[in-house]
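Take a look at the structure set out below.
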Amino acid sequence: MQETYDSSAYNPSAVEAAAQKFWSDTRAFEVTEDASRQKYYCLSMLPYPSGALHMGHVRNYTIGDVISRFARMQGKNVLQPMGWDAFGLPAENAAIKRNIPPAKWTRQNIAHMRAQLQAMGFAIDWSREFATCDPAYYVHEQRMFVRLFKQGMVYRKNSVVNWDPVDQTVLANEQVVDGRGWRSGAVVEKREIPQWFLKITDYAQELLDGLDRLPGWPDAVKTMQRNWLGRSEGLEIRFDVEGGGALEVFTTRPDTLMGVTYLAVAAEHPLAAEAAKHNPALQAFIDECRQGGVSEAELETREKRGVDTGLNALHPVTGERIPIWIANFVLTGYGTGALMAVPGHDARDWEFASKYDLPIRMVIVSDPVRDAIRELGRDADDNTSAMSAALGQSKPIDVVEPVAAEDVLVEFENHILTEGPFTGHGTLVNSGDYDGLDFRHAFDALAKRFEREGRGRRQVNWRLRDWGISRQRYWGCPIPIIYCATCGAVPVPEDQLPVKLPEDVAFSGVQSPLKSDPEWRKCTCPQCGGAAERETDTFDTFMESSWYYARYTSPGAATQLDRRADYWLPVDQYIGGIEHAILHLLYFRFYHKLLRDAGLVHSDEPATKLLCQGMVVAETYYRDTPDGGKTWINPADVDVQRDEKGRITGATLKADGRPVSIGASEKMSKSKNNGVDPQLMIDKYGADTVRLFSMFAAPPDQSLEWNEAGVEGMARFLRRFWRDIVAHAAQPDHPRMQAAAAGRTDPLSPRAGEAARKADGENTRDEIDPATLNPAQKTLRRQLHETIAKVGDDIGRRRNFNTAIASLMELLNALEKFTDMSDAGRALRHEVLEAMVLLLNPFTPHASHALWQVLGHPETLIEDLPWPTADPAAQVRASVTLAVQVNGKLRGTLDAAPDAPREQLEARARALPGVVAAVGDKAVRKVIVVPGKIVNIVAG
RNA sequence: GCCGAAGUGGCGGAAUCGGUAGACGCAGGGGACUCAAAAUCCCCCGCCCUUAAAAGCGUGAGGGUUCGAGUCCCUCCUUCGGCACCA
C-alpha cells in the first residue's frame with residue numbers, strides 16, 4: 001500500500017477507508033469449512049431493514065464483531081454472516097404512506113443499510129448474505145411447511161383476531177391502541193377466522209428439558225422460557241351441569257376441590273351462548289366481552305367482571321349445586337375455557353368472589369393452624385369444631401391452653417375471609433373423607449376416585465399454545481396451500497414451489513393485494529385437477545427468522561441445507577436484544593428440532609451461548625404544547641446548563657435560547673425524538689470511536705445511555721494512543737523498531753518506516769530480559785501482562801467489554817507516566833504498544849490496522865496474528881496490600897509479602913496506630929486473617 | 001394482571017468467589033501553555049463537620065444472616081423488557 005494518509009495525526013476517515021479496502025480486496029472475512037481448524041460461528045440477530053441503521057444495530061453488531069475478531073485472533077475459523085429479515089408490517093405501512101411497493105422500499109433500505117454496516121467495519125462474510133424475501137430463501141420454507149403438513153405437524157383451526165370494523169381488516173396487537181384501531185379509531189372487535197397452526201406443543205417437554213442443557217444461556221432467559229412453557233400437573237375434572245351437559249375444567253389444585261364455590265367460563269364458551277339465548281343481559285355482557293383487543297396484557301389488566309348464567313353445576317363429590325358464571329378473565333383456547341373457582345385459596349378467585357359476594361370457603365390450613373386444630377381435637381368432648389373433628393382426632397387429653405389454639409384458628413379463618421386467600425400447600429379441612437390429607441395424598445386420592453368413576457384424569461397441562469402462523473397480510477411468504485371444493489386443503493406440489501409473492505403491486509390501502517387480485521389466487525387442484533384457489537394468507541415473519549441461522553451455513557445449496565451445516569452448527573455465540581427472550585428464541589429452538597428431525601442438522605439446540613444486549617437509551621427534552629401535549633426535542637438541538645459542581649440546572653433550545661423541560665432517559669425512538677443517527681456519529685468521529693464508545697459505556701446486557709461527551713472522551717483516547725505510537729516510532733535509532741523493520745518485506749508509508757528502513761536490524765531481536773529490569777520497568781511490565789490477562793478474560797469469558805477497555809486506558813495512562821528512554825525502557829514501551837494495538841483490535845480494528853504498520857510491520861490482517869499471551873512470571877507481585885479492620889471497619893492497611901505468615905500479619909495489624917486507637921482498652925476476642933486480603937480484629 | 005430484570009457520586013459505570021465502595025470515562029473546579037481561542041498537559045473532585053487532622057455517614061426503603069454485606073435471605077417501592085399478529 002502506498003502512502004494514502006499522513007500518519008502523524010489520527011484521521012479516522014482515511015484510516016477506515018484504507019483498512020476496509022484491504023479487507024475487501026483480500027476477502028479477509030470470507031470463510032470456508034476447514035476440518036483442521038476449530039470453527040467458531042458468531043451470529044447476531046439479523047436486522048429488519050427499516051431504512052437506516054440505528055444505535056441498537058450498532059451495539060448488537062459491534063458486540064458480535066468484537067467476539068468474532070477476538071475468536072479469530074485465537075486461531076479459530078470464524079464465521080460471522082449477515083442477512084435481512086425483510087418481510088413484515090413496516091414495509092406495508094411505508095407502502096401506504098409513500099405509495100411505493102413494499103419490495104422496492106425494502107430493497108432500497110437493504111442497499112443503504114448494507115453500506116452503513118460496511119462503514120462500521122464489521123468482519124462479515126458478505127458472500128453469504130441473503131434477504132428473507134428472496135424466493136430462493138423462502139422456497140425452502142414453503143417446502144418445509146409442505147413436509148410438516150404431510151407429517152401432520154400442521155393443522156387448521158379457528159382462532160381469534162383483532163378486527164377493525166371500519167377498515168374491515170385484521171389488526172396486529174401493536175395496531176390496537178386502548179382497544180381501538182390505530183388508523184380508524186374504531187373500537188376493535190374479536191373475530192374468529194380459520195388459521196394454520198404448527199404443533200409446537202408436541203415439543204413442549206423437549207423445549208423445557210433442553211433448557212437444562214444450555215449452560216451458556218442467561219438464567220433470566222431460561223426462567224422466562226420455563227414460565228412461558230408453563231408445565232403443570234393437575235386433574236381434568238368433569239362437572240355435570242344441572243339439566244344436562246357437562247363442563248370440563250383443569251386444575252393444578254385438586255386438593256382445594258371442596259372449596260369450589262362457583263365455576264367460570266369464557267364469554268366465547270358454547271355454554272355461555274346457550275345460557276344467553278333467553279337472557280338479554282347475559283348476551284349484552286358477552287357482546288361487551290367481544291370488544292377490545294385480544295392481547296393477553298389487555299385482557300389481564302382489564303377489570304375482572306362477570307355475570308351469573310343462572311345455570312348450576314353439580315359438585316363431583318358432594319353433588320352440591322354450584323353456580324356457573326361467565327367471566328371476562330377466563331381465556332378461551334387456554335385449557336378448556338372453563339375453570340373451577342376456589343376463592344379461599346386463589347387470589348384471582350378471591351378478588352372475584354369478594355366483588356360479587358360469592359361464598360368463600362376455607363379448605364386448606366397452614367401447618368401452624370393444623371397443629372392448633374390437633375391440639376384442640378385432643379379433647380373431643382369439649383370441641384365441636386367440624387374441622388378438628390374431621391381431622392380424625394381421637395384421644396381426649398387435657399388441653400393446656402385451648403384459647404390460644406382457638407385464636408390461631410379464628411385468626412386464620414378471618415384472614416382468609418377479610419384479607420385474602422391462603423394459596424400455599426397445607427392440610428385439608430372441611431373436606432369430608434379427605435380431611436387431614438396433605439396436597440400429595442389428596443391429589444392422588446381424588447385422581448384415583450375420578451379415574452375410577454370416569455369423571456376425570458391426571459393430566460399435564462402447558463401454558464404454551466400451538467404456534468399460529470397465518471397472517472392476513474401481503475408482505476410475507478405465501479402459504480403454499482390450495483383450497484379445492486372437493487379435496488379440501490391441499491399442499492402445493494414440490495415441483496410448483498416456490499409460490500412466488502408478486503412484488504410489483506399497487507399497495508395503497510389496507511387490503512392485501514393477494515386477496516384483492518382475483519387472478520393470483522386462481523389455480524387448479526393438484527389432486528383432482530378441478531378449479532381451485534390459493535391460500536392468500538402469508539406466514540408469520542417469525543417463520544423466516546427461525547431458520548436463517550442455518551441457511552447461512554449452506555449458501556447456494558439447492559436443498560434447504562447441505563453437509564456444510566454440520567461443520568458450522570450449532571451457533572457458538574448468538575447475540576440479540578433481550579426483547580426476543582421468549583418468542584423468537586423459542587421458535588428458533590423449536591425450528592432447530594424440526595430441522596433435526598428432518599435429518600438436516602445433527603444437534604439438539606441451535607446455539608450454545610446466548611448474549612442478550614440491553615437497549616440504547618438517550619435523554620429526552622420537551623416543551624408542553626397548549627393542547628396539553630408535548631413537543632419532543634432532539635438532544636442534538638439542546639444546550640444543557642450546569643452549576644459549579646457539574647449538576648444539571650436546566651436546558652435550553654439552541655435555536656431560541658429559551659428553556660426546555662428535561663424528561664427521563666428512554667429508549668431511542670421516533671416518538672420521543674431522542675434518536676441519535678449512527679451515521680452522523682461515524683461521519684464526525686469515525687467508526688472506531690463509535691464502536692469503542694458503544695462497548696465502553698455499559699456492560700453489554702445493560703441499557704446503554706448515549707452521551708456525546710462520552711464519545712468525545714473515546715476520540716481523545718484514540719488520538720492519544722495514535723500520538724504516542726507515532727512519537728515512539730519516530731525515534732530513529734530505536735532498537736525494537738529496527739527489529740520490526742528487519743522482518744518486513746514491502747515499503748510502507750508511515751515515517752516510522754523511514755527510520756526503520758535505515759536500521760540494519762542486527763543484534764536487536766533479543767527479547768526483553770526480565771532479570772535486568774529496574775523496579776519501574778518491572779512494574780510497567782507487570783501491568784502490561786495483567787492487562788493482557790484481563791482483556792482476554794473480559795472479552796472471552798466475562799463478555800464485559802467496558803472493563804477490558806478501562807484496563808487498556810489504565811495501561812496507557814501508566815505508559816505515559818513511564819518516561820524511561822533507555823534501550824530497555826524503549827524496548828519495553830514497544831512491547832506495551834504492540835500488545836495494545838492487538839488487544840484493541842477487536843474494538844478499533846481500523847486504527848489497529850494502521851498502527852500496526854506505524855510500528856514497523858507490513859500491512860497484514862491483524863486477525864491472523866496471535867492474541868497476546870500473558871506471562872505469569874511477569875505478573876508476580878513482591879508485596880500485596882491488606883486491609884486491616886476493627887469490628888469490620890477499615891482502620892488501616894499494611895503491605896506484606898503474599899505468603900507472609902498469619903501470626904506476623906496479625907501482630908503487624910495490631911500494632912497499627914489506627915488499630916490501637918480503635919481497639920482502645922477493649923478485649924480482642926478474635927482475629928480473622930484472610931491472606932492477601934484482610935485482617936479483621938474483633939474487639940469488645 | 002402475570003413472567004423476567006435493574007436500582008451504587010453531578011452523570012455512565014467499577015468492585016469477577018461475602019473481604020479496602022466509587023477503577024475507567026464524562027461533567028465540573030483550579031492551574032500551565034496561548035495575544036486569544038481550540039487542542040494538549042498538570043492538580044482536585046461521594047456526603048457531612050472541620051483551619052487542619054481525625055471522626056461520622058454512605059450502594060432505592062425497611063428488616064435479617066455474618067467477624068465482615070453493593071454482593072446472601074425476607075418484605076416493600078420505583079423503573080425497564082416480554083405477554084403469543086411490532087420486529
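Hydrogens, waters and symmetry mates are skipped; everything else that's a heavy atom, side chains included, is used. All values derive from a computational prediction rather than experimental measurement.
Using modelled atom types, one finds no donor on one side chain facing an acceptor on the other under 3.5 Å when comparing S665(A) with E619(A).
For rU78(B), the paired nucleotide is rA6(B), the pair qualifying as Watson-Crick or G-U wobble because both relevant distances are below 3.5 Å. Nucleotide rU34(B): unpaired (no Watson-Crick or G-U wobble partner with both distances less than 3.5 Å). Remark: rG58(B) base-pairs with no nucleotide; criterion is Watson-Crick or G-U wobble with both hydrogen-bond distances under 3.5 Å. Searching all strands for a Watson-Crick or G-U wobble partner of rU20(B) with both distances below 3.5 Å returns nothing. The partner of rC72(B) is rG64(B), judged by Watson-Crick or G-U wobble contacts that both fall below 3.5 Å.
Residue L890(A) places its side chain closer to rU20(B) than to any other of rU20(B), rA55(B), rC85(B). Nearest nucleotide to the side chain of N227(A), out of rG82(B), rC85(B), rG4(B): rG4(B).
Between F588(A) and Y574(A), the ring planes are parallel. Angles under 30° get that label, and only those over 60° would be called perpendicular.
At rU20(B), none of the side-chain N or O atoms of T893(A) fall inside 4.0 Å of OP1 or OP2 (strictly under the cut-off). R302(A) has no side-chain polar atom (N or O) that falls below the 4.0 Å cut-off from OP1 or OP2 of rG1(B). The phosphate of rC57(B) (OP1 or OP2) has a side-chain N or O of K889(A) nearer than 4.0 angstrom.
In this structure, W196(A) has its ring center no closer than 6.0 Å to that of Y155(A). For an aromatic pair to be called close, the ring centres must be under 6.0 Å apart, and F329(A) with F352(A) satisfies this.
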I need a per-nucleotide contact map over nucleotides 10-19 of chain B, read 5' to 3'. Cutoff is protein heavy atoms under 4.0 Å; write B for the base, S for backbone only, - otherwise.
S-BSSSB--B
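At most 12 non-hydrogen atoms from other residues, nucleotides or ligands lie less than 6.0 angstrom from CZ of R925(A).
V791(A) approaches S807(A) most closely through the heavy-atom pair CG2-OG, 3.6 Å.
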